[in-house]
Number of protein chains: 2
Amino acid sequence: MKAKRTIRDIANELQLSITTVSLVLNGKARQNRISQEVIDRVLKFVKEVDYRPNHFARSLRNGKSKIIAFMAEDISNPFFSSVARLIEDSANNSGYKIVYCSTENNTEKTRELIRTFKDRRVDAYIITPTEGIEKDIETLVTNRIPLMLFDRYFTDLSTGYVVIDNEQSTCTAIQHFIEQGYRQIGFVTLDSDQTQMSGRYKGYIRALEASGLPRFVLRIPYGSTETSIIDAIINFLAENREIDSLFFSSNYLGISGLKALKKKNLSIPDDIGVIAFDDSEVFRMHTPTITTVTQPVEEISHKLVESVLNQLRHEESSDDIRKDKIKLPAKLVVRESTARKK
Amino acid sequence: MKAKRTIRDIANELQLSITTVSLVLNGKARQNRISQEVIDRVLKFVKEVDYRPNHFARSLRNGKSKIIAFMAEDISNPFFSSVARLIEDSANNSGYKIVYCSTENNTEKTRELIRTFKDRRVDAYIITPTEGIEKDIETLVTNRIPLMLFDRYFTDLSTGYVVIDNEQSTCTAIQHFIEQGYRQIGFVTLDSDQTQMSGRYKGYIRALEASGLPRFVLRIPYGSTETSIIDAIINFLAENREIDSLFFSSNYLGISGLKALKKKNLSIPDDIGVIAFDDSEVFRMHTPTITTVTQPVEEISHKLVESVLNQLRHEESSDDIRKDKIKLPAKLVVRESTARKK
DNA sequence: TTTTTTAGCTAAAACGTTTTAGCAATGTTT
DNA sequence: AAACATTGCTAAAACGTTTTAGCTAAAAAA
C-alpha cells in the first residue's frame with residue numbers, strides 16, 4: 001500500500017518548492033518563468049508516481065467544488081432521466097461531477113435542497129424550478145452562480161433557460177386534431193401556473209379560437225395518484241360526452257389517460273383521438289401508436305450543459321455572464337392515435 | 001449581503017475559543033466538560049446568525065466528503081432511474097448527496113470513473129459492476145470503503161450486494177410457459193457472463209431439463225443497437241420456426257423483441273408467448289399486456305441504501321463491517337402475453 | 001496547609017492546496 | 001561601474017475546520 005503522496009512530498013523528492021510544483025501542475029509555470037527543464041522533471045515524476053491532488057484542499061483554497069447540481073422534478077421520470085444521462089458525459093469530460101435530486105415540484109423541499117447545495121458550494125445549477133422558488137433562484141443569480149433553468153422558467157427573472165415552444169407546439173397539435181376532423185377537443189393538464197403548462201394551455205386556446213371550437217378543460221391537481229387521475233378523466237368524459245379527442249399535457253397524464261380510455265372501452269382513434277405531450281417508449285409501443293409532441297431531448301440537454309459550462313468558464317471575467325435564453329421547437333410525431341377513419 | 005461567517009467569527013463574537021465552539025457544534029461538548037451555559041449560548045447564537053460550516057474545511061480535516069457514488073449501467077434505464085429516485089431521500093436525510101454516473105457496462109470507463117471518485121474521496125459506492133472491474137472493486141474493499149453492488153456481483157469477492165434470485169425467478173417463468181402449453185421455448189439474452197445473466201440462463205436450463213424440452217438460445221452482443229437486436233431476433237425465429245414462446249432476459253431486449261414480433265406480424269400469445277424480465281410501463285400498457293418477472297425495486301433500493309448507511313456508521317469501529325449479501329425473490333406477474341387459448 | 005482531582009476552557013497543529021510577494025543571481029543598459 | 005531588468009525560483013500566508021494536549025482555578029483529599 002503506497003502512502004498517499006501530497007504535493008509537499010513531491011516537492012521534497014524533487015528538491016523543489018511546493019510553489020514550483022503547484023505552478024507546474026496548474027499550467028502556470030511558463031508565465032511564472034519556471035524553466036522548461038524543471039517543468040519536464042515535475043511532469044515526468046508526477047506521472048510516474050501517479051500523484052493525485054487532494055480535491056478538498058484545492059476546494060478549500062479556491063472555493064470551487066467542481067460539482068454541478070441537477071435538480072429535476074423527478075429523476076425517475078423518463079424525460080428527466082434522459083436529460084440526466086445526456087448531460088453526464090460532457091460534464092465529466094470538463095472535470096465536473098453531477099449530483100442529482102428530485103424536487104417533487106415541492107417548493108419547501110427544493111428550497112432546502114438549494115440550501116444544502118449552497119453549503120457545499122456547488123459550482124452550478126441545472127433546475128426545473130417550482131412555482132414558489134423564484135426568490136431563491138434570484139439569490140443565486142445575484143450571487144452570480146452559474147445557473148440554467150429548464151422545462152419552465154420565470155418570465156420576470158433574468159436567468160438562462162432552455163425550454164421548448166410549448167404554445168406553438170400545442171397549437172400545432174390541436175390543429176392536427178382539427179385537420180383530422182375532430183371538433184370537440186378536450187385538454188387535460190396539470191393545475192399549475194408554470195410557464196410550460198400555461199404555454200400549452202395558450203396553444204390550445206389559440207388553435208380553438210382560430211376555428212371557433214368549444215373548450216373542454218380538465219385540471220388535475222399536482223401530485224395526484226394515478227388512480228385519482230384516471231377517475232378524474234373518466235368523470236370528465238362522462239360529463240362531456242361530446243368530446244371526441246383528448247390532448248394530454250404531460251407524459252404521465254397521457255399514460256393515465258390511456259388507462260382511463262381502456263377502462264371505458266373507448267377505441268382510439270375512432271371513438272376518441274389522442275395526443276400526448278412528451279414522447280416515451282410507451283407511446284411508440286402502444287396499440288394503436290400514440291401521436292405525441294416530442295421534445296428534442298438531445299438538443300435540450302446539449303444546450304443546457306453547454307451553456308452551464310460556458311458560464312463556468314467565464315465566471316471570473318467581470319463582464320456579464322452569457323445568459324442563454326433558448327426556446328426550441330418541439331416536433332409533432334403523428335401516429336395512429338389521430339388517424340380517424342372519416 | 002452578510003459576509004460569510006466562519007467558526008472563528010463565531011468564537012470571537014462570543015468571546016470563546018474556536019475549540020469550544022467546534023466542540024459544541026459537533027455535540028462533543030458534554031464529554032469535554034463544556035458548561036451547559038456555554039453550550040446554550042453557542043447554540044442560540046449559531047442559530048440566530050444561521051452559521052453554516054464550510055464543507056471543504058471539514059472534509060479536508062476529516063477526510064469525509066459526505067457523498068455517495070451511484071454507478072449504474074445507464075441512469076436513463078427505468079430500472080436504474082427508479083433505484084436512483086428511491087435511494088435519494090434516505091441518503092439526503094443522512095446528510096449524504098448522491099453523484100451518479102453511467103458505466104455503459106464499459107470496464108475502461110468504469111475504471112476511470114472509480115478513479116475520479118476516489119480522487120474526490122467519495123465516502124461510499126453503490127455499483128452495478130462490469131465484467132472486468134473485479135480488481136478495482138477489490139481495492140475498494142481492502143481499503144475498507146463502504147460499498148454495495150447490485151443487479152449483479154462477483155462470487156469470489158467479499159462485498160455486500162443486493163440482487164434478486166435470477167435463477168429461481170426465471171425457472172418459475174419458464175415453468176409458467178410450460179404450464180400454459182408452450183413447448184418450444186426460446187431464450188433471448190445478453191452475451192454476458194455476469195451473475196444476473198448466468199443466473200437467468202441457469203433458471204431456463206433447469207426448467208427445461210426437468211421437462212426434457214429442447215433449448216433455443218439467442219445471445220445478443222452487448223451494446224447492440226435496437227435495430228440490430230430486432231434483426232437478430234427475427235433471424236433467430238426464422239431459423240427456429242418451431243419456437244412457440246420467447247423469454248427476454250432484460251427489459252430492453254423485451255421491448256426490441258415486441259417490436260420484432262410486431263414486424264413479423266406474429267400474434268401474442270397465440271402464435272407466440274412472451275415473458276420479459278424487469279417490469280415497465282411499456283409491458284403493463286402493451287396490447288396484449290406482457291407477463292414479466294418483476295424486480296422488487298423498492299426493496300432493492302431500500303436494502304441498498306440501508307446497508308450502505310450502516311457501513312458508513314460503523315466505518316470507524318475496528319470490527320468487521322457488516323457485508324449484507326441479499327438475494328431477494330422476484331415476482332412473476334402473469335398477464336395476457338402467456339394466456340394461450342388451448 | 002499542601003497535594004490531588006476535577007471542571008471548564010483554549011492554543012496550536014494539522015489537513016493539502018494556491019497564490020502573493022519577494023529574493024538572489026545573472027544579464028543589460030547607461 | 002553603477003543602476004536597472006530579467007530569469008528562476010521559494011517562503012509563507014491563507015482557506016476553515018477538528019482534535020490533541022494542556023493550562024488555570026476551584027474543589028476535594030491528604
Side-chain angles (χ1 to χ4, degrees), chain A residues 2-43 45-46 49-66 95 118-121 123 315-316, chain B residues 2-43 45-46 49-66 95 118-121 123 315-316:
Chain A
K2 61 167 177 286
K4 264 287 157 219
R5 233 179 274 255
T6 72
I7 198 172
R8 167 164 281 114
D9 301 329
I10 304 283
N12 286 339
E13 297 175 69
L14 287 173
Q15 301 277 51
L16 287 170
S17 77
I18 294 181
T19 309
T20 306
V21 177
S22 175
L23 290 173
V24 172
L25 257 29
N26 291 290
K28 300 184 180 168
R30 290 272 63 163
Q31 57 190 276
N32 283 76
R33 300 183 301 262
I34 307 294
S35 67
Q36 191 60 50
E37 182 261 327
V38 167
I39 296 182
D40 293 343
R41 211 147 54 88
V42 171
L43 255 28
F45 186 73
V46 152
V49 303
D50 189 31
Y51 161 73
R52 321 229 91 202
N54 181 310
H55 259 271
F56 299 147
R58 192 176 265 184
S59 294
L60 176 58
R61 178 55 223 234
N62 62 23
K64 300 280 161 247
S65 60
K66 287 282 175 179
K118 270 179 160 173
D119 285 352
R120 288 166 177 262
R121 309 288 195 285
D123 291 341
E315 209 177 356
E316 305 312 313
Chain B
K2 59 167 178 285
K4 265 285 156 220
R5 233 178 275 254
T6 72
I7 198 173
R8 167 165 280 112
D9 300 330
I10 304 283
N12 285 338
E13 297 176 70
L14 288 173
Q15 300 279 53
L16 288 169
S17 77
I18 294 181
T19 309
T20 307
V21 177
S22 174
L23 289 173
V24 171
L25 257 29
N26 290 291
K28 300 184 178 166
R30 289 271 67 159
Q31 57 191 274
N32 283 76
R33 299 184 303 262
I34 307 294
S35 68
Q36 192 58 51
E37 181 262 328
V38 167
I39 295 182
D40 293 343
R41 211 147 53 89
V42 172
L43 255 27
F45 186 72
V46 152
V49 303
D50 190 30
Y51 161 74
R52 323 227 90 201
N54 181 311
H55 259 272
F56 300 146
R58 190 176 266 183
S59 293
L60 176 59
R61 178 57 224 239
N62 62 24
K64 301 279 161 249
S65 61
K66 287 283 176 176
K118 269 179 161 174
D119 285 352
R120 288 167 176 262
R121 307 289 195 286
D123 291 341
E315 208 177 357
E316 303 313 312

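Applying the 4.0 Å criterion to OP1 and OP2 of C:dG16, one finds that A:Tyr51 has every side-chain N and O outside that range. Taking only side-chain nitrogens and oxygens, A:Ser22 never comes nearer than 4.0 Å to OP1 or OP2 of C:dT17. One finds a side-chain N or O of A:Ser35 lying less than 4.0 angstrom from the OP1 or OP2 phosphate oxygen of D:dC9. Here B:Asn62 does not reach the OP1 or OP2 of C:dC15: none of its side-chain N or O atoms lies under 4.0 Å away. Contact annotation: B:Ser17 side-chain N/O to C:dT10 OP1/OP2 distance is under 4.0 Å.
Each of C:dG22, C:dT18, C:dC9 was ranked by its minimum atom distance to the side chain of A:Arg33; first place goes to C:dG22. If you check D:dG16, C:dT10, D:dA11 against the side chain of B:Leu23, the one that comes closest is C:dT10. With D:dT10, D:dG22, C:dT10 as the candidates, the nucleotide lying closest to the side chain of A:Thr20 is D:dT10.
Each of B:Thr19, B:Ile39, B:Val21 was compared with B:Ile34 under the side-chain contact (heavy atoms from CB on, under 4.5 Å) criterion, and only B:Ile39 meets it.
C:dC15 atom C1' lies 17 Å from atom NE2 of B:His55, rounded to whole Å. A straight line from CZ of B:Arg58 to P of C:dG16 spans 18 Å, rounded to a whole angstrom. For the pair A:Lys28 NZ and D:dG8 C1', the computed distance is 18 Å after rounding to whole Å. In this structure, CG of B:Asp119 is placed 14 Å from P of C:dG16, rounded to the nearest angstrom. Across the protein-nucleic acid pair, B:Leu25 atom CG and D:dG16 atom P stand 15 Å apart, rounded to whole Å. Between A:Leu14 atom CG and D:dC9 atom P the separation is 12 Å, expressed in whole Å. Residue A:Arg8 contributes atom CZ, which lies 8 Å from atom C1' of C:dG16 at whole-angstrom precision. Taking atom CD1 of A:Ile18 as the reference point, atom P of D:dA11 lies 9 Å away to the nearest angstrom.
Remark: side-chain polar atoms of A:Asn26 are not paired, donor with acceptor, to backbone N or O of A:Leu23 under 3.5 angstrom. In this structure, the side chain of B:Asp40 does not engage the main chain of B:Glu37 through any donor-acceptor pair within 3.5 Å. Without hydrogens or angle criteria, A:Asn54 side chain to A:Phe56 main chain gives a donor-acceptor distance under 3.5 Å.
Mapping B:Leu60 and B:Gln36 onto DNA chain C by nearest heavy atom places B:Gln36 at the nucleotide closer to the 5' end. Comparing B:Ala57 and B:Asn32, the nucleotide of DNA chain D nearest to each residue sits closer to the 5' end for B:Ala57. Each of A:Ile34 and B:Pro53 lies near DNA chain D, and the nucleotide nearest A:Ile34 is the one positioned closer to the 5' end.
Salt-bridge formation is not detected for the pair A:Arg121/A:Asp123: no Lys NZ or Arg NE/NH1/NH2 atom is positioned less than 4.0 Å from an Asp or Glu carboxylate oxygen.
For B:Arg8, the CZ atom is loosely surrounded, since the number of other residues' heavy atoms within 6.0 Å does not exceed 12.
Contact annotation: side chain of A:Thr19 to base of C:dT18, donor-acceptor pair absent below 3.5 Å.
Across all strands, B:Asn54 comes closer than 4.0 Å only to sugar-phosphate atoms, never to a base (heavy-atom distances).
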